[in-house]
Q: 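Dropping the structure in here first, questions after.
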Amino acid sequence: MITRGSLSKYFIGAAAKGLKAVEVDPTASKQHEFQSVDVFRTYLGTPADKVVIPVTYLWMDDEDEAPLRIEASGTWYNTRKRTPHRPPEYRLYYPHAANPVVYRARPGDTLFLCMTTAGRLLAILCPSGSSIEQKLLWLFGLELSLDFALVQRDLSDGGRGIDFAAGFILDELGIEPEIPETEAFERLVKKFGLTFPRTDEFSAFARSCLKQVDPVNDPDGALLSWMELDEALFRRLEREVVAERLKSGFMKEGEADVEGFLRFSLSVQNRRKSRAGFAFAHHIEEILKANGIRHRREATTEKRAAADFLFPGEAEYADPLYPAENLRMLAVKTTCKDRWRQVLAEADRITDKHLLTLEPAISRAQTAEMQAHNLHLVLPKALHATFHPEQRPWLMTFGEFIASVKAGAQPTLLP
């Protein structure tokens with residue numbers, strides 16, 4: 001696995017609390033402030049007068065692909081300054097500019113305050129019981145209080161290490177963990193230059209750099225290791241390619257080429273999204289081949305629906321005499337969010353469907369709904385620890401899925 005340091009590189013402290021109506025509901029209060037956050041003085045100090053600090057406000061939920069982000073400020077102040085006989089009580093006032101984020105929240109939703117090493121405060125609001133709430137609680141090692149009090153944790157002593165799951169969540173926050181220098185990147189540039197090869201070539205190269213990986217005896221570890229190196233190499237190459245393009249500038253006929261810049265920026269974002277999905281499928285298919293399992297990738301089932309992986313293949317699926325209990329399908333999505341429901345419309349003959357993902361800490365509400373629809377969630381074993389203990393017995397590792405295919409449908413084994 002690639003070592004990326006710890007959370008202390010990005011945060012010195014983090015805290016979380018439930019939100020009350022007077023904090024986020026304009027019909028309940030016009031105070032524009034987060035209350036019961038006095039304990040965060042550990043990081044914001046105890047100034048005698050009001051202090052304006054830089055704050056990034058984010059609304060994150062399980063539906064939107066990207067957070068709603070507003071760069072603004074906040075005012076940290078002692079509400080009891082004029083009553084010196086009482087202990088100080090600090091609150092955080094948010095400006096009207098933050099309303100589009102703050103007013104997305106409802107009473108009972110969750111607020112995370114995260115102090116960065118750069119001296120900027122992140123105020124992250126998210127729905128109660130959501131996957132993003134579960135991710136952030138796991139990332140920062142926090143547990144919500146039942147009385148709306150702020151619960152915080154100091155991260156200056158290191159905090160959680162940046163493994164695959166932590167890196168996944170940081171990426172959702174818009175923070176790219178540092179990618180260490182690797183000899184593999186030098187080999188990549190020597191082989192392909194500063195250009196992006198086809199995704200199958202790129203993924204094959206990443207696999208070739210990890211000789212110690214065993215896709216048969218440890219398919220879960222192999223999948224994570226391959227994806228992690230694939231992503232690290234891509235981000236390094238992307239940085240070099242983008243830097244070269246920026247050096248050439250965006251000018252056209254003596255004027256700023258705004259449209260050209262926007263097209264380039266959009267192409268960078270689209271490439272990131274599409275290649276991750278392709279890389280995931282490439283590595284999965286390589287593991288299936290290594291385990292001798294017959295399958296059809298991007299198989300057509302009915303009504304022009306397509307399954308990412310169908311076992312043993314299209315011919316068996318289309319044959320009404322082939323036992324349905326020997327058929328399997330595996331949908332693959334690097335992230336689920338609400339898109340997992342799309343899987344339910346695939347492969348009507350297969351009642352129990354399987355979805356393999358890399359998304360950690362999916363909410364209990366989401367997994368309960370998956371169970372109700374006979375959708376089994378498959379994740380690499382290392383990601384199971386990000387789920388609540390009561391969720392884990394239901395989760396399936398990739399190795400367990402492979403074993404179930406072998407045991408439940410012997411004809412799927414390659415000769």
Q: Quick check: closest heavy atoms across Leu330 and Asp308, and the distance to 0.1 Å?
A: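 Of all heavy-atom pairs spanning Leu330 and Asp308, the closest is O-CB, 3.4 Å.
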
Q: When you compare the side chain of Leu223 with that of Phe280, does any pair of heavy atoms fall below 4.5 Å?
A: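 In short, these two side chains touch, coming nearer than 4.5 Å.
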
Q: Grab the two heavy atoms, one from Arg160 and one from Leu139, that are nearest each other, plus how far apart they are.
A: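 Closest heavy-atom pair between Arg160 and Leu139: NE-O, 3.2 Å.
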
Q: If we ignore hydrogens and angles and just use 3.5 Å, is the side chain of Glu133 paired with the main-chain N or O of Gly129 as donor and acceptor?
A: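 At least one qualifying donor-acceptor pair exists.
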
Q: For the CZ atom of Arg296 and the CD atom of Glu316, what is their distance to the nearest 0.5 Å?
A: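 Nearest 0.5 Å value for the CZ-CD distance: 11.0 Å.
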
Q: Is there a side-chain contact between Gln366 and Cys336, using heavy atoms and a 4.5 Å cut-off?
A: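 Gln366 vs Cys336: side chains apart.
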
Q: First locate atom OH of Tyr10, then atom CG of Leu173, and finally report the distance between them rounded to the nearest 0.5 Å.
A: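 One gets 12.0 Å once the value is rounded to the nearest 0.5 Å.
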
Q: Does the ring of Tyr90 carry Arg41 above it, NZ/CZ under 6.0 angstrom from centre and within 45° of its axis?
A: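 No, Arg41 does not lie over the aromatic ring of Tyr90.
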
Q: Going from CD1 on Ile53 to CE on Met115, what distance comes out if it is rounded to the nearest 0.5 angstrom?
A: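 With rounding to 0.5 Å, CD1 (Ile53) is 6.0 Å from CE (Met115).
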
Q: Could you tell me the separation between the CG atom of Leu125 and the CG atom of Leu58, rounded to the nearest 0.5 Å?
A: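 These two atoms lie 8.5 Å from each other.
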
Q: Would you mind checking if Glu359 and Lys333 are paired as a salt bridge, meaning a charged N to carboxylate O distance below 4.0 Å?
A: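 Between Glu359 and Lys333 there is no salt bridge, as every charged N stays at least 4.0 Å from the carboxylate O atoms.
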
Q: Ala14 and Leu142: which non-hydrogen atoms are nearest, and at how many Å?
A: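 Minimum heavy-atom separation between Ala14 and Leu142: O-CD2, 4.0 Å.
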
Q: Would you call the rings of Phe140 and Phe112 parallel, tilted or perpendicular, where under 30° means parallel and over 60° means perpendicular?
A: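 Plane angle between 30° and 60°, so tilted.
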
Q: Does Lys337, at its NZ atom, have more than 12 non-hydrogen atoms belonging to other residues, nucleotides or ligands within less than 6.0 Å?
A: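 Counting other residues, nucleotides and ligands, NZ of Lys337 exceeds 12 neighbours.
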
Q: Please confirm whether the backbone N or O of Lys381 pairs with a side-chain atom of Asp220, one donor and one acceptor, at under 3.5 Å?
A: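 The answer is yes, because a donor-acceptor pair under 3.5 Å joins these two groups.
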
Q: Is there a donor-acceptor pair under 3.5 Å between the side chain of Ser225 and the backbone N or O of Ala222?
A: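 Looks like no, no N/O pair under 3.5 Å.
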
Q: I'd like to know if Lys353 pairs up with Glu346 as an ion pair, taking the criterion as any Lys NZ or Arg NE/NH1/NH2 lying under 4.0 Å from an Asp or Glu carboxylate oxygen.
A: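 No salt bridge links Lys353 with Glu346.
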
Q: Any Lys/Arg nitrogen of Arg349 or Glu302 sitting under 4.0 Å from an Asp/Glu carboxylate oxygen of the other?
A: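 Judged by the 4.0 Å cut-off on N to carboxylate O distance, Arg349 and Glu302 do not form a salt bridge.
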
Q: Answer whether the closest heavy-atom distance between the side chains of Ile362 and Ser131 falls below 4.5 Å.
A: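 A side-chain contact under 4.5 Å exists here.
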
Q: Do the rings of Trp340 and His373 sit parallel, tilted or perpendicular, given the 30° and 60° boundaries?
A: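 Trp340 vs His373 ring planes: perpendicular.
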
Q: Of all heavy-atom pairs between Leu383 and Ala165, which one has the smallest distance, and what is that distance?
A: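 Distance-wise, the nearest heavy atoms are CD2-CB, 3.8 Å.
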
Q: Salt-bridged, Glu231 to Arg235, with N to O below 4.0 Å?
A: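 Salt bridge present between Glu231 and Arg235.
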
Q: Under 30°, 30 to 60°, or over 60°: which ring-plane class applies to Tyr57 and Phe34, parallel, tilted or perpendicular?
A: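 Tilted, since the angle between the ring planes falls between 30° and 60°.
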
Q: Any idea how Phe205 and Phe192 line up, ring-wise: parallel (<30°), tilted (30 to 60°), or perpendicular (>60°)?
A: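 Perpendicular.
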
Q: Any side-chain heavy-atom pair from Trp59 and Asp109 closer than 4.5 angstrom?
A: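 Yes, side chains in contact.
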
Q: Okay, side chain of Arg392, backbone of Phe387: is any donor-acceptor separation there less than 3.5 Å?
A: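 Yes, Arg392 side chain to Phe387 backbone: donor-acceptor pair under 3.5 Å.
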
Q: Do the non-hydrogen side-chain atoms of Leu7 and Leu170 ever get within less than 4.5 Å of each other?
A: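 SC-SC contact between Leu7 and Leu170 confirmed.
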
Q: Taking the six-membered ring for Trp, are Tyr103 and His32 parallel (under 30°), tilted (30 to 60°) or perpendicular (over 60°)?
A: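 Aromatic pair Tyr103/His32 classed perpendicular.
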
Q: Charged N to carboxylate O under 4.0 angstrom, Lys20 versus Glu23?
A: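 A salt bridge is absent here (no side-chain N lies under 4.0 Å from a carboxylate O).
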
Q: Any heavy-atom pair between the side chains of Phe398 and Pro380 that's under 4.5 Å?
A: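 The answer is no; the side chains never approach within 4.5 Å.
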
Q: Contact between Leu358 and Leu224 at the side-chain level, heavy atoms closer than 4.5 Å - yes or no?
A: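 Side-chain contact under 4.5 Å: yes.
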
Q: Between Thr199 and His282, do the side chains contain an N or O donor and an N or O acceptor separated by less than 3.5 Å?
A: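 Yes, a side-chain donor-acceptor pair sits under 3.5 Å.
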
Q: Is the shortest side-chain heavy-atom distance between Leu121 and Trp76 below 4.5 Å?
A: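 They are not in side-chain contact.
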
Q: Does Glu390, at its CD atom, have more than 12 non-hydrogen atoms belonging to other residues, nucleotides or ligands within less than 6.0 Å?
A: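 Above 12, so yes.
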
Q: At their closest point, which heavy atom of Pro54 faces which heavy atom of Arg120, and how far apart are they?
A: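 Heavy-atom minimum between the residues: CB-NH1, 3.1 Å.
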
Q: For Ile287, does its backbone N or O pair with a side-chain atom of Asn291 as donor and acceptor, under 3.5 Å?
A: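 Pair found, side chain donor or acceptor close to backbone of Ile287.
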
Q: Would you compute the distance between atom CH2 of Trp394 and atom NE2 of His376 and round it to the nearest 0.5 angstrom?
A: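 Output value for this atom pair is 8.0 Å.
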
Q: Might you point out which heavy atoms bring Ser36 and Leu150 nearest each other, and give the distance in Å?
A: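 So the minimum-distance heavy-atom pair works out to O-CB, 3.3 Å.
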
Q: Any sub-3.5 Å donor-acceptor pair from Ser73's side-chain atoms to Val55's backbone N or O?
A: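 Not a single qualifying donor-acceptor pair exists.
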
Q: Can the ring centroids of Phe40 and Tyr43 be said to lie less than 6.0 angstrom from one another?
A: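 Yes, close enough.
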
Q: For the CZ atom on Phe278, are there more than 12 heavy atoms of other groups (residues, nucleotides or ligands in this structure) within a distance under 6.0 Å?
A: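 Counting other residues, nucleotides and ligands, CZ of Phe278 stays at 12 neighbours or fewer.
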
Q: Calculate, to the nearest 0.5 Å, the distance between atoms OG and CZ belonging to Ser203 and Arg198 respectively.
A: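 Result: 11.0 Å between the selected atoms.
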
Q: Using a strict threshold of under 4.0 Å (side-chain N to carboxylate O), is an ion pair present between Glu238 and Arg275?
A: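 Here Arg275 does not pair with Glu238 in a salt bridge, since their nearest N and O are not under 4.0 Å apart.
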
